[in-house]
Number of protein chains: 2
Amino acid sequence: MDENSIPWTRVAAFVRQHTHDVRNDLNSLDLETELLRDLVTDLEATTSIQSMQKQLRSVAMQLRTLASLFHEVQPMMEPMDARSLLTLWREKHSAMQRAPEVKWIDELGEQEVNADASMFARVFLELLTNAAAFSPGAALTVSARVEGQDVIFELKEPKKSPVDPSTWGQPLHTSRHGSYGMGLFAAKRCMAANGAAFTQSYDESSGCLISRIVLGVI
Amino acid sequence: MDENSIPWTRVAAFVRQHTHDVRNDLNSLDLETELLRDLVTDLEATTSIQSMQKQLRSVAMQLRTLASLFHEVQPMMEPMDARSLLTLWREKHSAMQRAPEVKWIDELGEQEVNADASMFARVFLELLTNAAAFSPGAALTVSARVEGQDVIFELKEPKKSPVDPSTWGQPLHTSRHGSYGMGLFAAKRCMAANGAAFTQSYDESSGCLISRIVLGVI
């Protein structure tokens with residue numbers, strides 16, 4: 001037994017079970033607040049009960065979201081224009097609050113790819129969110145092009161100093177309040193399940209972090 | 001990166017942080033119920049609020065207990081009679097509900113050991129609880145003896161068929177409702193922190209599972 005590491009499958013089963021158990025308890029509390037609402041007429045008390053319900057449901061939703069990161073990734077892939085994925089990326093960017101500045105470069109032709117668009121959308125948003133958080137103010141470049149039988153999506157993110165992404169994307173990378181370092185890991189799993197290669201590297205000549213998704217043309 | 005396993009330290013940090021976050025939310029809900037109690041006069045509503053508080057505190061306590069399994073083990077060791085540990089084991093047994101039948105064999109002399117008695121108590125209880133759960137009805141034997149410079153505590157548990165304990169005691173071994181397979185792992189960590197060797201083996205000649213704790217005489 002190597003006491004120093006735990007198989008991903010066991011950690012995932014634990015998180016799914018534990019969040020399920022806590023959500024059961026929250027659900028039972030939610031039912032109790034429903035009961036309570038019928039018993040109470042006082043306005044202030046009613047407001048307080050509503051506030052509790054809102055909190056209970058918010059915690060339950062957070063647990064559900066967390067658990068979803070520990071489920072098997074099951075993409076629903078279908079053929080689509082590679083360009084539609086780039087469009088999706090732009091839409092995700094437009095919908096962001098405090099969206100970073102992005103230069104969009106579309107060098108695609110009419111290539112088609114097999115993909116679960118919703119998973120790509122999540123990954124695109126994760127990459128933009130990380131860029132906004134860790135390179136605030138930097139103007140990003142998102143490009144899409146074709147090389148041989150591959151469609152290549154790239155996010156270029158200027159960095160003030162070199163970074164080493166080699167250890168990024170490990171599950172539970174860092175644990176801070178409400179955030180458990182699962183984002184990049186989930187992104188990698190999503191892309192792998194879609195048959196896409198996801199890599200990150202630091203390019204010394206441009207001083208940029210390059211996040212690259214490579215997907216085969218069908 | 002080996003995606004298939006996660007360092008224990010990262011999993012532990014995650015569980016501590018996550019249970020802390022959820023407990024924060026539960027605490028805020030608890031405060032809301034306090035507020036609500038002052039606003040409500042109806043008896044049925046008051047009872048309902050009390051029931052919610054009880055549930056909230058019970059979940060918070062479960063989270064605290066779970067988190068404690070993921071903290072560093074810090075024994076408070078002090079010199080004591082080896083026999084006092086055996087006495088502790090008997091006390092833990094007496095306090096059990098549906099305690100299994102145990103034959104006690106004390107072959108100790110006046111040896112002293114360095115130990116955190118509360119940790120040994122927890123481990124003794126864990127072993128008895130497991131024996132009661134997995135070998136119901138079997139009469140157990142607990143013995144304590146000295147060999148050279150070692151004090152040896154042994155629990156013998158007759159098994160209906162051979163068992164292979166070699167993979168037992170891994171963290172998050174199994175996840176069922178409310179139970180996440182941390183018991184034996186925690187026991188092993190406690191014993192290691194006390195400088196004691198904890199092993200389990202199946203003895204073919206007697207058909208018994210033998211759980212053994214070896215502690216140096218001081």
Side-chain angles (χ1 to χ4, degrees), chain A residues 1-11 13-22 24-26 28-29 32-33 35-36 38-42 44-46 48-49 51-52 55-56 58-59 62-63 66 166-182 185 188-189 192, chain B residues 1-11 13-22 24-26 28-29 32-33 35-36 38-42 44-46 48-49 51-52 55-56 58-59 62-63 66 166-182 185 188-189 192:
Chain A
M1 174 174 99
D2 177 8
E3 282 191 356
N4 296 318
S5 70
I6 312 179
W8 158 256
T9 48
R10 281 224 305 271
V11 176
F14 159 69
V15 175
R16 291 195 306 264
Q17 181 67 54
H18 179 243
T19 52
H20 177 85
D21 292 346
V22 177
N24 262 354
D25 291 322
L26 295 174
S28 139
L29 282 157
E32 192 77 42
T33 56
L35 177 78
L36 202 50
D38 294 339
L39 297 173
V40 166
T41 47
D42 177 80
E44 204 179 341
T46 304
S48 165
I49 293 167
S51 155
M52 288 186 67
Q55 279 186 69
L56 283 166
S58 157
V59 180
Q62 285 165 39
L63 290 172
L66 178 65
S166 64
T167 61
W168 298 358
Q170 292 174 13
L172 304 175
H173 191 51
T174 52
S175 288
R176 289 183 301 274
H177 178 76
S179 163
Y180 311 109
M182 286 292 289
F185 176 68
K188 286 186 175 187
R189 291 178 81 213
Chain B
M1 173 173 98
D2 177 7
E3 282 190 359
N4 296 319
S5 69
I6 313 180
W8 158 256
T9 48
R10 281 224 305 271
V11 176
F14 159 70
V15 175
R16 291 196 306 265
Q17 181 67 55
H18 179 243
T19 51
H20 178 83
D21 293 347
V22 177
N24 262 353
D25 291 322
L26 296 174
S28 140
L29 283 157
E32 193 77 41
T33 57
L35 177 78
L36 201 52
D38 294 339
L39 297 173
V40 167
T41 47
D42 177 80
E44 202 179 341
T46 304
S48 165
I49 294 166
S51 156
M52 289 185 67
Q55 277 186 70
L56 283 167
S58 157
V59 180
Q62 285 166 38
L63 290 172
L66 177 64
S166 63
T167 62
W168 298 358
Q170 292 175 13
L172 305 175
H173 191 51
T174 52
S175 287
R176 289 183 301 273
H177 178 75
S179 163
Y180 311 110
M182 286 292 289
F185 176 69
K188 285 187 173 186
R189 292 178 81 213

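Heavy atoms only: backbone and side chains are in, while hydrogens, waters and symmetry mates are out.
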Enquirer: Is chain B contacted by the side chain of T33(A), its backbone, both, or neither, given a heavy-atom distance below 4.5 Å?
Expert: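 For T33(A), backbone and side chain are both near chain B.
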Enquirer: Pick one of side chain, backbone, both or neither for H18(A), based on which atoms fall under 4.5 Å of a heavy atom in chain B.
Expert: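 Both parts, backbone and side chain.
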Enquirer: Should L63(B) and V22(A) count as side-chain neighbours, where that means a heavy-atom distance under 4.5 Å?
Expert: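 The answer is yes; the side chains approach within 4.5 Å.
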Enquirer: For a 4.5 angstrom cut-off between non-hydrogen side-chain atoms, does V15(B) reach F14(A)?
Expert: yes
Enquirer: Are L26(A) and L26(B) packed together at the side-chain level, in the sense that at least one heavy-atom pair is separated by less than 4.5 angstrom?
Expert: yes
Enquirer: I6(A) versus R10(B): any side-chain heavy-atom pair under 4.5 Å?
Expert: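 They are not in contact (no side-chain heavy atoms under 4.5 Å apart), so the answer is no.
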Enquirer: Do the non-hydrogen side-chain atoms of D21(B) and Y180(A) ever get within less than 4.5 Å of each other?
Expert: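 Answer yes - side chains close enough.
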Enquirer: Could you tell me which portion of D38(A) (side chain, backbone, both or neither) has an atom closer than 4.5 angstrom to a non-hydrogen atom of chain B?
Expert: neither
Enquirer: I'd like to verify something: which residue of L35(A), I49(A), N24(A) has the highest number of heavy-atom pairs under 4.5 Å with chain B?
Expert: I49(A)
Enquirer: Give the minimum heavy-atom separation between S48(A) and L36(B), together with the two atoms involved.
Expert: OG-CD1, 3.4 Å
Enquirer: Check whether L172(B) gets within reach of chain A through its side chain, its backbone, both or neither, counting any heavy atom under 4.5 Å.
Expert: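 Both parts, heavy atoms under 4.5 Å.
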Enquirer: Taking every heavy-atom pair that is under 4.5 Å apart, which of T41(B), L66(B), T19(B) has the most such pairs with chain A?
Expert: L66(B)
Enquirer: Shorter than 4.5 Å, heavy atoms on both sides: which option in V59(B), T9(B), D42(B) has the most such pairs with chain A?
Expert: V59(B)
Enquirer: Side chain, backbone, both or neither: which part of R16(A) has a non-hydrogen atom closer than 4.5 Å to chain B?
Expert: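 For R16(A), there is no contact with chain B at all, as no heavy atom is under 4.5 Å.
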Enquirer: Is S28(B) in contact with chain A via its backbone, its side chain, both, or neither, using a 4.5 Å heavy-atom distance?
Expert: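 Contact with chain A involves both backbone and side-chain atoms of S28(B).
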Enquirer: With heavy-atom distances below 4.5 Å as the criterion, would you say the side chains of Q17(A) and H177(B) are in contact?
Expert: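 The answer is yes; the side chains approach within 4.5 Å.
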Enquirer: Is V40(A) close to chain B through its backbone or its side chain, or both, or neither, when contacts mean heavy atoms under 4.5 Å?
Expert: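 For V40(A), the side chain is the part near chain B, not the backbone.
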